[in-house]
Protein chains: 2
Amino acid sequence: MRPTVHDIAAEAGVSLATVDRVLNNRPGVRSITRDKVERAIATLGYVRDVAAANLAKSRSYPLIFILPEGENAFMRGLEAEIEFARARSAVERTEITILSVPAFDAAALADALDEARRRGPAGVAVVAVEAPEVVAAVGRLREDGIAVVTLVSDLTGSERDHFAGVDNIAAGRTAGSLMRRFLGSREGPVAIVAGSMLVRDHRDRLEGFSAAVGEGVARRHLLPVVEGHDDPTEVETLVRDLLAAHADLAGIYSLGAGNRGLIAALEKAGRQSEICAIAHELTPYSRAALVSGTIDALLNQDAGHEVRSAIRVLKARADGLSMIEAQERIRIDIFLKDNLPVEPA
Amino acid sequence: MRPTVHDIAAEAGVSLATVDRVLNNRPGVRSITRDKVERAIATLGYVRDVAAANLAKSRSYPLIFILPEGENAFMRGLEAEIEFARARSAVERTEITILSVPAFDAAALADALDEARRRGPAGVAVVAVEAPEVVAAVGRLREDGIAVVTLVSDLTGSERDHFAGVDNIAAGRTAGSLMRRFLGSREGPVAIVAGSMLVRDHRDRLEGFSAAVGEGVARRHLLPVVEGHDDPTEVETLVRDLLAAHADLAGIYSLGAGNRGLIAALEKAGRQSEICAIAHELTPYSRAALVSGTIDALLNQDAGHEVRSAIRVLKARADGLSMIEAQERIRIDIFLKDNLPVEPA
DNA sequence: GAATTTTTGATGTACGTAAATCAAAAATGC
DNA sequence: GCATTTTTGATTTACGTACATCAAAAATTC
């Protein structure tokens, strides 16, 4: 049997009340006594029973998720995962609220963070846009002792407790490396379509891709980056123009969302099998395009993993506990049509 | 506040004792009364507080893991993950025991399963070897109400509750697809090194690979499969002979363990950059070979995920609960040197 | 309708911890 | 050495559920 507070009290030769005072560092314990208790804890290898403690405390974890609105399929998938987690909140003792803000809008995001702060939750998870006012708003949350996790896109220079997302520089490098190997000795330039350089994840992916695609012998010509703001319509126009302007285009790297536009443009031009296309995030659209061959490889971050990881970390931080680093590391999944997970994505 | 048993009692107009009888289906309740209580449960949306219930029951979960001994780096990594989970057993209320058996030995495995049965655990996780006596032993465990999860390698025709591992046919297909694209128009045969055709995962990978590598235009010549029994020394000899016999060898697919032997043979022959090598499982050896370029791509199953998944499923099954399918699906990770996770692996 | 069986209620204890109260003991100041 | 402050002990209630016991009520049998 694992030791309980009673065992510590007996081992240390003090009362239960004193053990409680030490465990929950309440005042009124001499340091000599505190030492005795701590030695007993170490000797017996006592670990607080979190379940029992939460029961006694009637603990619950109000959490707020802030994410961009709009028809970004990945973000909607993320929202679905949050809703799914909410369905399990009875068991997890969480109370999850979702706030939606306009995409790529730093001021609106900062306002939402302040609103979250007003509500006084145990933790906040936020898809960040990089801007000083956002950093400042996160700082205010942390000052109030509210745990903050950035989700999907990180926030440079902020006080966030953790980033629940992938290493986007490595993701870009991986895309570049795949593009290089898939193109082999084939000639022609490569185009890059981003969402916005305002978000950290897109900047990071671009950096990684540029470095890796040109490695080795033949340097590859990269066309200037275009920004489609994660909007399918805008992306389609951009890609259509790129295809028209470059008859010898060898590859396209889409590092943001709006891949429906990319797919449509490639298929309308009838150049889907000739051009090597690599994109991000598994959605119903991108999955179909991978299966049909329009897209050659897909990099993915598992939204479900990210949401569950964010919740675990926020709960742990709210309790002042540590986390299992290895469990919280979000992998960069590479999908070919051969290793696609079964339907529900 | 979420409803408690007291709320149900009030809503249904019965006593606490009756609610308890219904919830834990104890005898002595008229079906009319039972209905009343169940309607109250549905109306209030009551969900049993598992933490409190486990506390009251002083529930613990004795679990037994059975895995092959020997210097298979992946299996040793798996064992390390199990040990790591054991360190957390105080919190998780698990009591984990590990049984080691000789690799690829069906009789020994069946004995170990019977030994596990004798100890009467809540659940058993086992790296399976396919054989009728193993299927039978698993059946005996299930008859005793002991939950069984196959780990890494599945067991055809058995009564196991769940398989905690990857889809190995898809894994083989993925390897084949990568091999095909990486080789491009390059000529030459491809060799396949397996561990043993006695385990399901190796057979599945071979099947997938053979199908995918030869897709498309140029059919690729595949050399007959050789079996290295996951032993580095044996594998090295096999590969050395393959290299000597085939001066034009274009690729090698190692679908089992013992990759240290593969790497040594390739490097001693000085043909590591000329031959496209694809292997399984991220270990310190394979990682170094991926970074140096001796191995071109590595397919991996995350041992930590598998162990944690197996434990979650065993606990859920022991309580008669369901699991989140999506959370328990183990991904096939593709690693290039660009998306390698940071050191500790 | 009396005797029997089945069903229900009332109550208490337990799990391991949190949190509070009040009294007793020890340490400290002067 | 007395008064004061600080520290410690003893005890109780609570969290939500499980489980056991005994008495009371209701249903069933004949």
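Side chains included, hydrogens not; waters and symmetry mates left out as well; all remaining heavy atoms used. Letters A, B, ... mirror the listed sequences (proteins, then strands); counts begin at 1. The shown structure was predicted, so the numbers you read here are calculated from the model rather than taken from an experiment.
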Rounded to the nearest Å, what distance is computed from the NZ atom of residue A:K36 to the P atom of nucleotide D:dT7?
14 Å

Rounded off to whole Å, could you give me the CZ-to-C1' distance for the A:R93 and C:dT17 pair?
13 Å

Length of the line joining A:R2:CZ and C:dC15:C1', which is rounded to integer Å
12 Å

Please tell me whether B:R331 and B:N300 have a donor and an acceptor in their side chains that are separated by less than 3.5 angstrom.
no

So what is the 5' to 3' dot-bracket string for DNA chain C, if pairs are Watson-Crick or G-U wobble with both distances under 3.5 Å, crossing pairs use [ ] and | means the partner sits on another strand?
||||||||||||||||||||||||||||||

Can you pull out every salt bridge (charged side-chain N to carboxylate O under 4.0 Å, His left out) where at least one residue sits in residues 31-42 of chain A? Sequence neighbours excluded, please.
none

Mind calculating the distance between CG (B:L55) and P (C:dC15) to the nearest angstrom?
9 Å

On the nucleotide C:dC15, are OP1 or OP2 found under 4.0 Å from the side-chain N or O atoms that B:S58 carries?
no

Residues passing the side-chain hydrogen bond (donor to acceptor under 3.5 Å, both in side chains) test with A:S58, sequence neighbours excluded, are none

If I take atom CD1 in residue A:I32 and atom P in nucleotide D:dT6, what distance separates them, rounded to the nearest angstrom?
15 Å

B:H6 NE2 to C:dT11 C1': how many Å, rounded?
12 Å

By salt bridge (charged side-chain N to carboxylate O under 4.0 Å, His left out) - contacts of A:R317 (at least two apart)
A:D161

With B for base contact, S for sugar-phosphate-only contact and - for none (protein heavy atoms under 4.0 Å), nucleotides 18-30 of chain C reads SB-------S---

Does the A:R86 side chain pair with the main chain of A:I96, one donor and one acceptor, at a distance under 3.5 Å?
yes

By the 4.0 Å heavy-atom rule, please label B:V50 as base, sugar-phosphate, or nothing.
nothing

Considering all heavy atoms of both residues, which atom of B:A116 and which atom of B:P121 are nearest to each other, and what is their separation?
O-CD, 3.1 Å

Between B:D20 and B:L16 (side chain of the first, backbone of the second, donor and acceptor by atom type, cut-off under 3.5 Å), is there such a pair?
no

For B:V129, does its backbone N or O pair with a side-chain atom of B:R200 as donor and acceptor, under 3.5 Å?
no

Strictly by salt bridge (charged side-chain N to carboxylate O under 4.0 Å, His left out), give each pair with a member in residues 116-127 of chain B just once, sequence neighbours left out.
B:E115-B:R118, B:E115-B:R119, B:R117-B:D144

Side-chain N or O of A:S15 versus OP1/OP2 of D:dG9: is the shortest distance under 4.0 Å?
yes

Tell me the interatomic distance from A:N25, atom CG, to D:dT7, atom P, rounded to whole angstroms.
15 Å

